[in-house]
Asker: 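Please see the structure below; I have some questions.
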Amino acid sequence: MSTNYEDIIPQKILFSIREVEEMGAIKTDMLKKLITQGQIEIVKIGTKVHISRPELIRFLNDNTI
């Protein structure tokens, strides 16, 4: 059985790091590490870092066993 992240992740365009953690998807420290390693693509607006919904879903699907 696979998880359908399209149904679980809220319908927004961009999520802040804090919002991703509040969803319970990925903890802040781990998310920052993944961003630094280039495993998650980010959108930077000014000094704020955001993750797009499609990128978050892609990462979760690729890393779900």
Asker: Determine, step by step, whether F15 and I9 satisfy the side-chain contact (heavy atoms from CB on, under 4.5 Å) criterion, reporting the C-alpha distance in whole Å, the side-chain angles of both residues, the deciding distance to 0.1 Å, and the verdict.
Answerer: CA-CA 10 Å; F15 296 97; I9 305 296; 3.7 Å; yes

Asker: I'd like to check the side-chain hydrogen bond (donor to acceptor under 3.5 Å, both in side chains) partners of R58; sequence neighbours left out, ordered by chain and number.
Answerer: E55, D62

Asker: Who are the side chain to side chain contact (heavy atoms under 4.5 Å, CB included) partners of Q37, not counting sequence neighbours?
Answerer: K33, L34, Q39

Asker: In the single-linkage hydrophobic clustering (I, L, V, M, F, W, Y; side-chain heavy atoms under 4.5 Å), do M23 and I40 co-cluster?
Answerer: yes

Asker: Are L14 and L60 connected, step by step, through hydrophobic side chains (Ile, Leu, Val, Met, Phe, Trp, Tyr) whose heavy atoms are closer than 4.5 Å?
Answerer: no

Asker: If Ile, Leu, Val, Met, Phe, Trp and Tyr residues are connected whenever their side-chain heavy atoms lie under 4.5 Å apart, and connections chain through other members, are V20 and V43 in the same group?
Answerer: no

Asker: Working to the nearest 0.5 Å, report the span between OH of Y5 and OG1 of T64.
Answerer: 3.0 Å

Asker: Which is it for F59 and I51 under the side-chain contact (heavy atoms from CB on, under 4.5 Å) test, yes or no, and what are the steps along the way?
Answerer: CA-CA 11 Å; F59 179 81; I51 295 114; over 6 Å; no

Asker: Do NZ/NE/NH1/NH2 and the carboxylate oxygens of E6 and R53 come within less than 4.0 Å?
Answerer: yes

Asker: Kindly compute the distance separating CD1 (I42) from CD1 (I17), expressed to the nearest 0.5 Å.
Answerer: 7.5 Å

Asker: For K12, enumerate each residue passing the side-chain hydrogen bond (donor to acceptor under 3.5 Å, both in side chains) test, keeping only those at least two apart in sequence or located in another chain.
Answerer: E19

Asker: How many angstroms lie between OG in S16 and CD in E22, if you round to the nearest 0.5 Å?
Answerer: 7.0 Å

Asker: Does I45 share a hydrophobic cluster with I13, counting links as ILVMFWY side-chain heavy atoms below 4.5 Å and allowing steps through other members?
Answerer: yes

